[in-house]
Amino acid sequence: MREAAIEVKDFYYAYPQSDLVLQNINLSIAKGSFTAIAGPSGAGKTTLCRAMTGIVPYYYGGRYYGSVHVLGADIQGKKISEIAMQVGIMLDDYESQMVSLTAGEEIAFGLLNHGFSPEEVDRRVSEALNDVGLPGRENYHLDELSGGQRQRLLLASVLASRPEILILDEPVSALDPDGARSLYALVDRIHTRHHMTVVAVEHDLNYLLPYMTDLVLLRQGEAAVAAPLEQAANAAYDLEGLRENLPELWQVKLGLERKFHVELGAWRNEMEAEAELKEKFRGVSHD
């Protein structure tokens, strides 16, 4: 049994004047995992992220039942600012999270609000910028940074408080494919370097395939699948409306396994898939 970083138990939630958005959520995010959350549009993915950070229900209001535990403690009644020291979140609309004029001020803002000394703030600002590949940018104005660099800056501002858990809500929605792959490669390096737990909502799991260890698939507000990647993918392949959410490479892999009654590896990229297929099907007739 893996130690849980986040546990969601019997959780139901509805925004004010809305029907249930989440229902019967029972979910454990393993400590140290890189967990992907996916599912059809409107399935409740963003709301689930908000619940893991206390934003739901304590900021939005609404009706809820059940509990969320972060690092073993129930977050009910805790201030969102207190939870943020353990769980950092980066939203898809990253521009809306920025409040300052310069890169250094942006990162320092949250730290100063939490009462860190100026010396500690300066040290953490520098370390966070180094972590995201923006060393020495403390005095850069935000409009001097590209969209991708501003996204990295927001990631730095989240990391500066050194949370044990990082939640990303579709962070690459405004990036081109190269930018998306670059950001997730950076997140994986941070995940490995700092032994963090990462939870990423992503509609295109092809970007996450090289890195994710676990997969949660939501459907109509419920966690239809929640397990380590291979187990989750096998279950999702046979569930209506969820197969298309899997990485394309794994849709091919699972289809071949069922058609030819073979067992293929846990492919992480096209090179791995191509090498195994050449070996596995060498000499097989194409008639």
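- Other residues, nucleotides and ligands contribute only 12 or fewer heavy atoms inside 6.0 Å of the NE2 atom of His203.
- Note: Tyr13 and Phe11 have parallel aromatic rings, judged against thresholds of 30 and 60 degrees for the angle between ring planes.
- Taking a 6.0 Å sphere around CD of Glu263, one finds it holds 12 or fewer heavy atoms contributed by other residues, nucleotides or ligands.
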Problem - Verdict with supporting geometry, Arg152 and Ser182, side chain to side chain donor-acceptor pair (under 3.5 Å) - result: CA-CA 10 Å; Arg152 287 176 178 239; Ser182 176; 2.9 Å; yes

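- For Glu144, the CD atom is densely surrounded, since the number of other residues' heavy atoms within 6.0 Å is greater than 12.
- Of all heavy-atom pairs spanning Gln251 and Tyr237, the tightest one is O-CE1, 3.6 Å.
- Taking the charged nitrogens against the carboxylate oxygens, Arg193 and Asp188 have no contact shorter than 4.0 Å, which rules out a salt bridge.
- Across all non-hydrogen atoms, the minimal contact from Ser67 to Asp74 is CB-OD2, 4.1 Å.
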Handout entry: Intermediate values then yes/no, side-chain contact (heavy atoms from CB on, under 4.5 Å), Ile80 and Thr53
Key = CA-CA 7 Å; Ile80 293 174; Thr53 61; over 6 Å; no

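- Heavy-atom minimum distance, Phe34 versus Tyr211: CB-O, 3.7 Å.
- Lys9 places no side-chain N or O within 3.5 Å of a backbone atom of Val68 that could act as its donor or acceptor partner.
- Between Glu164 and Leu71 there is a side-chain heavy-atom pair separated by less than 4.5 Å.
- For Arg150 (side chain) and Gly148 (main-chain N/O), no donor-acceptor pair under 3.5 Å exists by modelled atom type.
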Practice task
May I have the step-by-step check of side chain to side chain donor-acceptor pair (under 3.5 Å) for Thr47 and Tyr15, ending in yes or no?
Solution key: CA-CA 9 Å; Thr47 303; Tyr15 291 100; 2.7 Å; yes

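- Remark: Lys79 NZ is loosely packed, at most 12 non-hydrogen atoms of other residues, nucleotides or ligands lying under 6.0 Å away.
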Exercise for the section: Assess whether side chain to side chain donor-acceptor pair (under 3.5 Å) is satisfied between Gln149 and Tyr140, documenting all intermediate values. Expected result: CA-CA 11 Å; Gln149 288 175 325; Tyr140 277 51; over 6 Å; no

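- For Asp238, the CG atom sits in a packed shell: over 12 heavy atoms of surrounding residues, nucleotides or ligands are nearer than 6.0 Å.
- Remark: the backbone N or O of Ala30 is not paired with any side-chain donor or acceptor of Arg2 at under 3.5 angstrom.
- Looking at every heavy atom in both residues, Leu239 comes nearest to Ala224 through CD1-O, 4.4 Å.
- The shortest non-hydrogen separation linking Gln151 to Val172 is NE2-N, 4.3 Å.
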Exercise for the section: Determine, step by step, whether Ile29 and Met52 satisfy the side-chain contact (heavy atoms from CB on, under 4.5 Å) criterion, reporting the C-alpha distance in whole Å, the side-chain angles of both residues, the deciding distance to 0.1 Å, and the verdict. Expected result: CA-CA 10 Å; Ile29 304 295; Met52 291 177 180; 4.1 Å; yes

Problem - Stepwise salt bridge (charged side-chain N to carboxylate O under 4.0 Å, His left out) test for Arg219 and Glu222 - result: CA-CA 5 Å; Arg219 181 175 58 184; Glu222 296 189 69; over 6 Å; no

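- Residue Asp204 comes nearest to Asn206 through the heavy atom pair OD1-ND2, 2.8 Å, listed as atom of the first residue, atom of the second, then distance.
- You'll find the side chain of Val87 stays beyond 4.5 Å of the side chain of Pro163, heavy atoms only.
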Exercise for the section: Would you please test Asp169 and Thr46 for side chain to side chain donor-acceptor pair (under 3.5 Å) and show each step? Expected result: CA-CA 6 Å; Asp169 184 11; Thr46 291; 2.9 Å; yes

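- Tested against Lys253, the residues Glu230, Glu248, Glu272, Glu274 include a single salt bridge (Lys or Arg N to Asp or Glu O under 4.0 Å) partner, Glu230.
- The closest side-chain heavy-atom distance from Leu264 to Leu254 is not below 4.5 Å.
- The side-chain heavy atoms of Val225 and Leu215, taken from C-beta on, include no pair separated by under 4.5 Å.
- A salt bridge does not link Glu127 to Arg124: none of the charged nitrogens lies less than 4.0 Å from a carboxylate oxygen.
- Around the CZ atom of Phe109, the shell of radius 6.0 Å holds no more than 12 heavy atoms that belong to other residues, nucleotides or ligands.
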Practice task
Evaluate side-chain contact (heavy atoms from CB on, under 4.5 Å) for Lys78 paired with Tyr58, printing each intermediate quantity in order.
Solution key: CA-CA 9 Å; Lys78 287 190 175 183; Tyr58 308 117; over 6 Å; no

Exercise for the section: Let me see the working for Asp131 and Arg162 under salt bridge (charged side-chain N to carboxylate O under 4.0 Å, His left out), right down to the final yes or no. Expected result: CA-CA 11 Å; Asp131 267 346; Arg162 298 177 185 165; over 6 Å; no

